[in-house]
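Basis for what follows: all heavy atoms, side chains included, without hydrogens, waters or symmetry-related copies. Residues: numbered from 1 along the sequence shown.
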Amino acid sequence: MTDKPLADRIALVTGASRGIGAATAKALGAAGAHVVLTARTAGGLEEVEEAIYASGGSATIAPMDLTENESVARLAAAVSERWKSLDLLVLNAASLGSLSAVPAIDFKEFAKVLTLNVTAQAAMLASFDPLLKAAKQARVLGVTSSVGRTPRAYWGTYGASKAAFENLLLSYGEEVRHISGVRVGIIDPGATRTKMRARAFPGEAAETVKPPEVVAERIAALSVSGFETGHFERVD
């Protein structure tokens with residue numbers, strides 16, 4: 001394996017301003033990919049971009065809200081104007097919402113969580129489908145949560161959104177499996193030191209869970225080695 005196994009590859013990471021997304025973008029940049037970074041927080045994206053360039057990599061930032069009408073289509077159009085294909089798409093952006101019993105769910109908030117965690121992901125797949133198919137061996141990795149597969153009390157909002165996200169993503173994988181080089185997989189990061197984790201478990205000592213760089217390195221390794229559609233992996 002070379003020092004830059006992802007050289008000449010184009011990668012796009014959502015939710016790249018902090019946590020797993022930021023760490024993944026840095027890991028992919030270190031592996032040689034040119035990384036398109038998107039998130040709502042421009043300042044965070046700039047910091048990640050600077051870190052990638054400082055380590056000898058390259059990146060492009062695209063501050064945006066994935067839930068805004070036409071924002072994803074505009075992003076895809078901008079990417080397609082500069083590059084002919086997209087080699088790697090990491091769908092990491094997500095919203096936790098409030099933890100509550102199902103009968104107590106705030107449906108306005110529920111709709112917002114579903115908009116980002118499911119609808120925006122569908123828009124990403126639809127908008128970037130041509131660029132992914134144009135690559136020889138494109139890979140799509142979705143970041144999920146264990147509650148998407150194992151229901152947990154008070155986690156119904158987030159769990160339902162992740163269950164839907166996984167089904168959506170893997171359905172796309174099956175659709176393109178035999179007509180393109182696109183392969184789709186899912187990563188469950190497990191307990192990871194992020195702001196979302198801190199919000200969900202406010203009494204937990206941060207040092208007792210792994211840093212996001214552990215998950216990022218595994219995503220980068222999968223991006224280099226490749227995987228088949230349907231791949232599921234939990235990072236412990």
Greater than 12 external heavy atoms within 6.0 Å of Glu109's CD: yes

Donor-acceptor contact present, side-chain Lys26 to main-chain Ser55, <3.5 Å: no

ILVMFWY network linking Leu37 to Leu131, side-chain heavy atoms under 4.5 angstrom: no

Hydrophobic cluster identity match, Leu86 and Leu141, side-chain contacts under 4.5 Å: no

Connected via hydrophobic side-chain network under 4.5 Å: Ile52 and Leu6: yes

Ser100 backbone acceptor or donor facing Ser98 side chain under 3.5 Å: no

Aromatic plane relationship, Phe227 with His231 - under 30° parallel, 30 to 60° tilted, over 60° perpendicular: tilted

Expected output: side-chain Lys162 to main-chain Thr157 donor-acceptor under 3.5 Å: no

Check: Tyr158/Asn117 side-chain N/O donor and acceptor closer than 3.5 Å: no

Distance-minimising heavy-atom pair for Ala16 and Ala39: N-CB, 3.8 Å

Over all atoms of both residues, closest heavy-atom pair of Ile61 and Leu45: CG2-O, 3.7 Å

Shortest non-hydrogen contact between Val143 and Phe165, atoms and distance: O-CE2, 3.6 Å

Leu75 and Val72, any side-chain heavy atoms less than 4.5 Å apart: no

Lys4 side chain vs Ala30 backbone, donor-acceptor pair below 3.5 Å: yes

Within one Ile-Leu-Val-Met-Phe-Trp-Tyr cluster: Met64 and Leu12, side-chain cutoff 4.5 Å: yes

Distance under 6.0 Å and angle within 45° of ring axis: Arg152 vs Tyr154: no

Any donor-acceptor N or O pair under 3.5 Å, side chains Arg82, Thr60: yes

4.5 Å side-chain heavy-atom contact, Arg149 and Glu166: yes

N/O donor-acceptor pair under 3.5 Å between Arg218 side chain and Ile187 backbone: no

Validation row: Arg18, Thr41 side chains within 4.5 angstrom (heavy atoms): no

Atom of Ala33, atom of Ala11 and distance for their closest heavy-atom approach: CB-CB, 4.3 Å

Nearest atoms (heavy-atom pairs only) where Gln121 meets Ala93: NE2-O, 3.5 Å

Within 6.0 angstrom of Lys112 NZ, more than 12 heavy atoms from elsewhere: no

Sidechain-backbone polar pair: Ser161 side chain, Val113 backbone, donor-acceptor under 3.5 Å: no

Residues Leu88, Leu28; criterion side chain to side chain contact (heavy atoms under 4.5 Å, CB included); working and verdict: CA-CA 10 Å; Leu88 177 63; Leu28 295 175; 3.6 Å; yes

Pairwise side-chain contact, Ile186 with Leu169, heavy-atom cut-off 4.5 Å (strictly under): yes

Test item: Asn92 side-chain N/O and Gly15 main-chain N/O as donor-acceptor pair under 3.5 Å: yes

Thr192 (side chain) donor-acceptor with Gly190 (main chain) under 3.5 angstrom: yes

Side chain proximity check, Val209 to Phe201, heavy atoms < 4.5 angstrom: no

With Pro211 via side chain to side chain contact (heavy atoms under 4.5 Å, CB included) - residues at least two apart: Arg193, Glu213, Val214

Sidechain-backbone polar pair: Ser145 side chain, Gly148 backbone, donor-acceptor under 3.5 Å: no

Listed partners of Asp65 passing side chain to side chain contact (heavy atoms under 4.5 Å, CB included), at least two apart: Arg40, Thr67, Glu68

Contacts of Thr229 that satisfy side chain to side chain contact (heavy atoms under 4.5 Å, CB included) - sequence neighbours left out: Glu174, Arg177, Arg183, Val184

Within one Ile-Leu-Val-Met-Phe-Trp-Tyr cluster: Met124 and Leu132, side-chain cutoff 4.5 Å: yes

Minimum-distance pair of heavy atoms, taken over all atoms of Ala216 and Ala27: O-CB, 3.9 Å

